[in-house]
Amino acid sequence: MDAPMIFDAEDIEGDKEDHNDPLVLTLPVAGCNIKKILIDGGISVNVLFYDTFKRMKLNDEHLMSSYYTIYGFNGAATKPLGDIVLQVNAELMKVDARFSVLDAPSP
């Protein structure tokens, strides 16, 4: 993850004035194009919602046990169904990332 990911003005869609939107990407994850991936460098966990997990045709048997609780923006506690390591492809960069699978509605 030491390779820089660089965006310039040509990558911005729509209005380029006062651009302060969050970074949201579409990337291949485990061979599936996943849309609306929110990139947040300050986050401590990668979340994969269970609905997306099932649409990726992944099986609960692939989940590893997780022994922690995730607290959302509203302070609500959620126990992950488990963790899974999936390959994320960003152009020439391929990274194995650990995701916590949550059975919760996606905001």
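Everything numeric in this text was worked out from a predicted model, so none of it was measured.
- Listed by first and then second residue, the salt bridge (charged side-chain N to carboxylate O under 4.0 Å, His left out) pairs involving residues 45-55 are D51-R55, K54-D60 (not counting sequence neighbours).
- Between N59 and F53, the closest heavy-atom pair is O-CZ, 3.4 Å.
- Annotation: the span from L58 atom CG to Y50 atom OH amounts to 10.0 Å, rounded to 0.5 Å.
- Nearest heavy-atom pair, A77 versus Y71, reported as atom, atom and distance to 0.1 Å: CB-CE2, 3.5 Å.
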Legend entry - Test log, rule side-chain contact (heavy atoms from CB on, under 4.5 Å), inputs V47 and V45: CA-CA 6 Å; V47 173; V45 65; 4.0 Å; yes

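- Around the OH atom of Y67, the shell of radius 6.0 Å holds no more than 12 heavy atoms that belong to other residues, nucleotides or ligands.
- Within the model, atoms CG of L102 and CG of L81 stand 7.5 Å from one another, a figure rounded to the nearest 0.5 Å.
- Across every non-hydrogen atom of A30 and L86, the tightest pair is CB-CD2, 3.8 Å.
- Atom CG of residue N46 and atom OG of residue S100 lie 7.5 Å apart, to the nearest 0.5 angstrom.
- Residues M64 make up the rest of the hydrophobic cluster containing V85, defined by ILVMFWY side-chain heavy atoms closer than 4.5 Å, directly or through other members.
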